[in-house]
Amino acid sequence: MNEKILRIRHSFSHVLALAVKRLYKDVKLGIGPAIDNGFYYDFDFAQPLKEEELSKIEDEMRRIINSEQEFIGEEWEKEKARKYFFKLGEKFKVELIDDIQGDKVGIYKNGEFIDLCKGPHVKNTSELKKAAFKLSSIAGAYWKGSERNPMLTRIYGLAFENQKKLDEYIKFQEEAAKRDHRVLAKQLDLYSVNEYVGPGLILWHPNGATIRLEIENFWRERHLASGYKFVYTPHIGRDNLWKTSGHLGFYKDAMYSPMKIDEINYYIKPMNCPFHIQIYKSKTRSYRDLPLRWAELGTVYRFEKAGVLHGLLRVRGFTQDDAHIICSREQVEEEVERVLNFSLNIWDVFGFKDVKAYISTKPRDAIGDEELWHKAEKSLMLAVEKENLKYEIDEGGGAFYGPKIDLKIKDAIGREWQTTTIQFDFNMPERFQMEYSGSDGKLHRPYMIHRALLGSLERFFGILIENFAGAFPTWLSPVQVYVLNITSEQERYAKSIYDKLIENGIRTEVDFSTEPISGKIRAATLLKPPYILIVGKKEMEKNLISIKIRGNKNIYDIDLNDFISKIKEEIKTRKLTLSY
RNA sequence: GCCGACGUAGCUCAGCGGUAGAGCAAUCGCCUUGUAAGCGAUAGGUCAUCGGUUCGAAUCCGAUCGUCGGCUCCA
């Protein structure tokens, strides 16, 4: 965000605060910063605010802007500011002042409104006249972002330099809404969630399952080629396992209630790690066995709070493309580098070229000694640099049990998604006393790296739907070819084409209905298959086909065998673009 | 979990105190068609659930469940 728009947005938030102050006498103020698409301000209302009241507030904001108020920045003695806001009963402002270091605080005035603020602002509200804004929504937001604090009412506004930019933004949002995986899932019959089954639990319909199967096949193929081995583990485990792993201590809130069998509590797994570790511990391991790379499409269940569920992106039951790499100290760097490289190769196949890394380092309340962390962090940095990835470092942002790399990928319309995570775990090897005999004849504790590349199949599927806007590359398309006959005279011919495609392993549907061809094309097109084959009298006489290619290009008089060999090649090589 | 909005046919939505509606989809006819919607008919609903107010509730009120936009959290 550049300085100019920052000033504009931040000034809007003060105008909003003043408008609300004028309209609601006993309201108290939280904070009101500029954000990526505009601004917000947090309020403590005596009465709940209704959405329909926003237009009234907008009107008042326009009046304020048109009255050409000057923004005046001042520095006050902290004590003076404290007294001023205390007298007004602005308890949140007082709290902020108390948090500020030093003995001076920034103050901005516009009209009768005085706010604690560092700025920057425009010089005069008249500068906001040519800018465009719109109050967009009301939301609850915890004071200082903590669940333990009271919830304030946040009013969000969109704000841009001019109307054109605001319109562009709104248009972009509409474009994004069209790609919404929850909407496309209905249209393309991909998956559903169902009140009977339960919120956050995904039913994969045949079309969605087809895509998942293709992803899984690809995933397995690549893992085998990268030196991984596969394991399968149960869905539930006894309480002692989760006690040792520590999950019953720090993760219990996210776990489903136990079921009692023979007086022992069994828990549904929220993670796969403890099971993989038990496989490791099933025999004595030698340094010669390392590194071990064990992967599993492990289905886990986590009790996510009701308010956070979101389509495929946040669910309660999901399948992680999980793997654990267990290696020696000497192998750490190479293993991290391998995982990162492997991950980037996978993203490439799905067409995600713009990848950014985020490295999180040791937090204050970490376990594991300094040397362990240092070695791990260094290996993460080296790997990222070797791959020439753009990266940011989140200092102290790691989990208590180890540092990590997260990858974010950019989709077709520029949105970022968090996917791959590569995490060191110093906790589990310790808790489960994992060991191997080294060449020195002594027992050593291995390093354990936990990683998920796609994240979860559910979330990844959601990202894929939005990225391709439902128009999947051929290898992933649930229906790769739609065959349409123009009149019933070509029914047998169309059937013979359908049969041949099916024999060749191409996912094909055929529509024999006697609707006009334009109607059949429309119906088929809505399902977004890469290819629609159309056969009428002319094609049948010549024993050829016509093809309508997704994106609306038509080609005529094609030999079916040529088409089949081309599409098979396209599928086999997992091409992202269509062959014609 | 918290704040706000919303739940009417498979889907998209109208109706908002006085006997449940439309379009699409489905089914059955007719039509035999040349690149994004041919015509007609039929069927489909305890208006999320439970309770209250009322002579009368899809409509007003309350609770519960679910969905959506945020907050917190997160693969």
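Below, chain A is the first sequence line, B the second, and so on; all start at residue 1.
Residue contacts for A:Glu539: at a heavy-atom cut-off of 4.0 Å it reaches a base atom on one of the strands shown. Backbone-only contact: A:Gly145 has heavy atoms under 4.0 Å from sugar-phosphate atoms and none from a base. At a threshold of 4.0 angstrom between heavy atoms, the contacts of A:Gly519 are confined to the sugar-phosphate backbone, with no base atom among them. Note on A:Thr419: only backbone sugar-phosphate atoms sit closer than 4.0 angstrom, heavy atoms only; bases stay farther off. Using a 4.0 Å heavy-atom cutoff across all strands shown, A:Ala141 reaches sugar-phosphate atoms only and no base atom. Heavy atoms of A:Val300 sit nowhere under 4.0 angstrom from any nucleic acid atom. Residue A:Tyr196 is out of contact with every strand shown, counting any heavy-atom pair closer than 4.0 Å. As judged by a 4.0 angstrom heavy-atom cut-off over every strand, A:Glu304 is placed among the base-contacting residues. A:Ser518 comes within contact range of the sugar-phosphate backbone alone, with a heavy-atom separation under 4.0 Å but no base atom that close.
Across the C1' atoms, B:C65 and B:C74 are found 24 Å apart, a figure rounded to whole Å. Straight-line distance between the P atoms of B:C16 and B:U32: roughly 44 Å, to the nearest whole Å. B:A20 and B:A36 have their C1' atoms separated by 34 Å, given to the nearest Å. Across the P atoms, B:A5 and B:C61 are found 12 Å apart, a figure rounded to whole Å. With both ends at atom P, the span from B:A25 to B:A37 equals 12 Å, rounded to whole Å. The gap from the P atom of B:G7 to that of B:C47 amounts to 15 Å, rounded to the nearest Å. Spacing between B:U8 and B:G44 at atom C1', rounded to whole Å, works out to 14 Å. Here, B:G62 and B:U53 have their P atoms 15 Å apart, quoted to the whole Å.
In the interface, the side chain of A:Tyr142 is paired with the base of B:G1 through a donor and an acceptor atom under 3.5 Å apart. Contact annotation: side chain of A:Arg148 to base of B:C2, donor-acceptor pair absent below 3.5 Å. Remark: the A:Ser146 side chain and the B:U72 base include no donor-acceptor N/O pair separated by less than 3.5 Å.
Contact annotation: A:Thr153 does not reach the phosphate of B:G4 (side-chain N/O to OP1 or OP2, under 4.0 Å). Taking only side-chain nitrogens and oxygens, A:His310 comes nearer than 4.0 Å to OP1 or OP2 of B:G69. Close to B:U12, at under 4.0 Å from its OP1 or OP2, lies a side-chain N or O of A:Lys186. OP1 or OP2 of B:C68 lies within a sub-4.0 Å distance of a side-chain N or O belonging to A:Arg182.
Of all nucleotides present, only B:G23 satisfies the Watson-Crick or G-U wobble test against B:C11, with each distance under 3.5 Å. B:C55 and B:G18 make up a base pair, with Watson-Crick or G-U wobble contacts both under 3.5 Å. Nucleotide B:C2: paired with B:G70 (Watson-Crick or G-U wobble, both distances less than 3.5 Å). Across all strands shown, B:U46 forms no Watson-Crick or G-U wobble pair with both key distances under 3.5 Å. With both pairing distances under 3.5 Å, B:U35 is matched to nothing as a Watson-Crick or G-U wobble pair. Checking B:G40 for Watson-Crick or G-U wobble geometry (two distances, each under 3.5 Å) identifies B:C28 as its partner.
Residues A:Trp417 and A:Phe352 keep their aromatic ring centres 6.0 Å or farther apart. If you look at A:Phe342 and A:Tyr228, their ring centroids are closer than 6.0 Å.
At whole-Å resolution of the value, CG in A:Leu544 and P in B:G34 are 20 Å apart. Look at CG on A:Leu297: it is 13 Å from C1' on B:A75, rounded to the nearest Å. Atom CZ in A:Arg154 sits roughly 18 Å away from atom C1' in B:A5 (whole-Å rounding). Atom C1' of nucleotide B:G38 and atom CZ of A:Arg522 are separated by 14 Å, given to the nearest angstrom. As rounded to whole Å, 7 Å separates atom P of B:A75 from atom CD of A:Gln423. A:Arg302 places its CZ atom 8 Å from the C1' atom of B:C74, with the value rounded to the nearest Å. The interatomic distance linking A:Phe43 (CZ) with B:G70 (P) rounds to 19 Å, in whole Å. A:Ile138 has its CD1 atom 18 Å from the P atom of B:C2, to the nearest Å.
Between the side chains of A:Asp189 and A:Asn207, no donor N or O sits under 3.5 Å from an acceptor N or O. No side-chain N or O of A:His276 forms a donor-acceptor pair with one of A:Thr233 less than 3.5 Å apart. There is no side-chain donor-acceptor pair under 3.5 Å between A:Asp42 and A:Trp143.
Stacking between A:Tyr156 and B:G70 is absent: the aromatic ring centre is not both under 5.5 angstrom from the base six-membered ring centre and within 30 degrees in plane angle.
Under the side-chain hydrogen bond (donor to acceptor under 3.5 Å, both in side chains) rule, A:His450 has a single partner from A:Lys404, A:Gln423, A:His324, which is A:His324. Checked options A:Lys178, A:Lys410, A:Arg415; the residue passing with A:Glu466 is A:Arg415 (criterion: salt bridge (charged side-chain N to carboxylate O under 4.0 Å, His left out)).
Under the 6.0 Å distance and 45° angle rule, A:Lys408 counts as a cation-pi partner of A:Tyr358.
Along RNA chain B, the nucleotide closest to A:Ser513 and the one closest to A:Ala523 are compared, and the more 5′ of them pairs with A:Ser513. Between A:Gly311 and A:Lys537, the residue anchored closer to the 5' end of RNA chain B is A:Lys537, taking for each the nucleotide with the nearest heavy atom.
Here the nucleotide nearest the side chain of A:Met151, chosen from B:U72, B:G70, B:A75, is B:G70. Comparing B:G34, B:G70, B:C65 by their closest approach to the side chain of A:Glu195 singles out B:C65. Distances were taken from every side-chain heavy atom of A:Ser137 (C-beta onward) to each of B:G66, B:A36, B:G69; the shortest belongs to B:G69. With B:G70, B:A37, B:G38 as the choices, the nucleotide that has an atom nearest any side-chain atom of A:Glu515 turns out to be B:G38. For A:Ala306, whose side chain is taken as the heavy atoms from C-beta onward, the closest listed nucleotide among B:G1, B:G34, B:U32 is B:G1. Taking every side-chain heavy atom of A:Val308 into account, B:C71 is the closest of B:U35, B:U32, B:C71.
A:Phe472 and A:Phe461 have parallel rings, their planes meeting at less than 30° on a 0 to 90° scale where 60° marks the start of perpendicular.
Comment: A:Lys305 engages A:Glu147 in a salt bridge, judged by a side-chain N to carboxylate O separation of less than 4.0 angstrom.
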